[in-house]
Protein chains: 2
Amino acid sequence: MTQKRDGAGTRAGDAYDAIRQAIRTGDFGPGERLRFSALQDLCGMSVTPVREALTRLTAEGFTVLDEHRGYSVARLSLAELGDITAARQLCEGEALRLSVMKGDEDWEARVVAAHHLMARIPQGREDMPSVMREDWEARHGAFHVALISACGSPTLLEICGKLSLQADRYRRMSVSVSGAARDVLGEHRELLERALARDADGAAEALREHYGRTAAMLANFFET
Amino acid sequence: MTQKRDGAGTRAGDAYDAIRQAIRTGDFGPGERLRFSALQDLCGMSVTPVREALTRLTAEGFTVLDEHRGYSVARLSLAELGDITAARQLCEGEALRLSVMKGDEDWEARVVAAHHLMARIPQGREDMPSVMREDWEARHGAFHVALISACGSPTLLEICGKLSLQADRYRRMSVSVSGAARDVLGEHRELLERALARDADGAAEALREHYGRTAAMLANFFET
DNA sequence: GAGTCAATGATTTTCGAAAATCTATTGGAT
DNA sequence: ATCCAATAGATTTTCGAAAATCATTGACTC
């Protein structure tokens, strides 16, 4: 074999990761065209797995296909940000409500643990406090996943996951960490407390507000 | 060129249609393995476009991929039917609520027209009244699409569309047209009336009940 | 001068075969 | 008899090149 990657099973999977990361970090900006030649250079493989990766990315909304004319990075818009946010408020709000109602001890433990890991490190970098730390973002995502993990609906979880990936592109847009105008710590703590207090509707409402604030903050970056 | 298909742009698209249809009609049953050799025979093309079609179908939940071990048709389960139904009630209910609130004259016209086309033909076949007519199913789907078409949220519409495709697999399971235990005509008329009366919450509630009844009916086929 | 059409170049899409991986079987050792 | 390793067969996955399609350019007609 040419190379044995640790966990990665197929080249198509590697290509998927590589291209998605390149889009995440802005190496390929919104609207930018994605030529196979360039992607083959980036991924170091033939056209076949690259094409499969693009098919998947397109299904998830990261890229757009114009038949016989090629792929390009999906554009971002203020309207879509609002749309995605509304959908998240609906779906993840309900998922959280169900999760709080159905969650058992293990769920509580997962939520507490995830919150602890997130609260344990600062949101911004030490050298550049205005830029989010990669690991904080990961733990932040894990906390939100833990919150809804007991909802009992694989379908809802999948929808929430995809919406979260979409929203992530907008989240990354914000160079600044929202300034001091917002108490992110407090918002998360409130989520945690209401969840543990089994206040299903309250937790769902807090989550919707949480996402609403995030969207409102990000919306500023479209007017710059 | 070898052949010029009317509207079809790529072979991958044709493969997607062909395989999905084969799954819909039961040519490939739930859990059945999908070998590339068989699919190439079915579609009459090389492995590349078939693979792309499977990638798409997998993203939409029709098929399942076990890396290096091949694709197979996704299994159906009573649990998933309930799960999908709940998600539809949530998402499409909200979409309908928004649509009724925001819809303009053109939307009203679309809804009335779609309902008329659906009500114009019988649900079951003349020769085999227990089997649904293909064209009725198509018009039924078009009516539901028209109902939510004014919700203003592309994201929500996409989610509803995908859930509808999933649910379609279960809908097709039912050999019988639900017997006389149900007034499908009436349910749809109620949806139409509440929508036109701009009773947003009422329409949404009627839709949720509509899907609830459909699911309850289909659930019987798992106990046979 | 505007518009149509054919030729050219760039790019996507598809093919057929090679490479990699998994599954089942056989043979042998404990 | 059971378990493990090596082999063979079947299948997926990837490659490199050919075919098909789209965009551009320039000539030609009206």
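Throughout, a chain's letter reflects where its sequence line sits, starting with A, and its residues are numbered from 1.
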Nearest-angstrom distance from the residue atom [atom1] of [X] to [atom2] of [N]:
X: A/Arg35; N: D/dC22; atom1: CZ; atom2: P; result: 17 Å
X: A/Phe36; N: C/dT11; atom1: CZ; atom2: P; result: 12 Å
X: B/Glu67; N: C/dT23; atom1: CD; atom2: C1'; result: 17 Å
X: B/Leu39; N: D/dT13; atom1: CG; atom2: P; result: 12 Å
X: A/Arg51; N: D/dC15; atom1: CZ; atom2: P; result: 15 Å
X: A/Tyr71; N: D/dT21; atom1: OH; atom2: P; result: 17 Å
X: B/Asp66; N: D/dT12; atom1: CG; atom2: P; result: 11 Å
X: A/Leu54; N: C/dT13; atom1: CG; atom2: P; result: 10 Å

For the side chain of [X], counting heavy atoms from C-beta on, which of [options] is nearest?
X: A/Thr10; options: C/dT12, D/dC15, D/dT13; value: D/dT13
X: B/Met45; options: C/dT13, C/dC15, D/dT13; value: C/dC15
X: B/Val47; options: C/dT14, C/dA17, C/dC22; value: C/dA17
X: A/Thr48; options: D/dT13, D/dC15, C/dT12; value: D/dC15
X: A/Ala12; options: C/dT13, D/dT14, C/dT12; value: D/dT14

Test item: side-chain donor near acceptor, B/Tyr16 and B/Glu60, under 3.5 Å: yes
Any A/Arg11 side-chain N or O less than 4.0 Å from OP1/OP2 of D/dT14: no
Presence of A/Arg69 side-chain N/O under 4.0 Å of D/dT21 phosphate oxygens OP1/OP2: no
Let me check something: any side-chain donor-acceptor pairs from residues 78-90 of chain A under 3.5 Å, sequence neighbours excluded? List them with distances.
| unit_1 | atom_1 | unit_2 | atom_2 | d |
| --- | --- | --- | --- | --- |
| A/Glu80 | OE1 | A/Tyr170 | OH | 2.5 |
| A/Asp83 | OD1 | B/Ser153 | OG | 2.3 |
| A/Asp83 | OD2 | B/Ser153 | OG | 3.4 |
| A/Asp83 | OD2 | B/Thr155 | N | 2.9 |
| A/Asp83 | OD2 | B/Thr155 | OG1 | 2.9 |
| A/Thr85 | OG1 | A/Leu81 | O | 2.7 |
| A/Arg88 | NH2 | A/Tyr211 | OH | 3.2 |
| A/Gln89 | NE2 | A/Arg208 | O | 2.8 |

Closest heavy-atom pair and its distance - B/Ala22, B/Leu42: CB-CD2, 4.2 Å
Closest non-hydrogen atom pair between A/Leu207 and A/Glu92, with its separation: CD2-O, 3.5 Å
Aromatic centroids of B/His115 and B/His144 separated by under 6.0 Å: no
5' priority, DNA chain D, between A/Ser46 and B/Ser37 [closest heavy atom]: B/Ser37
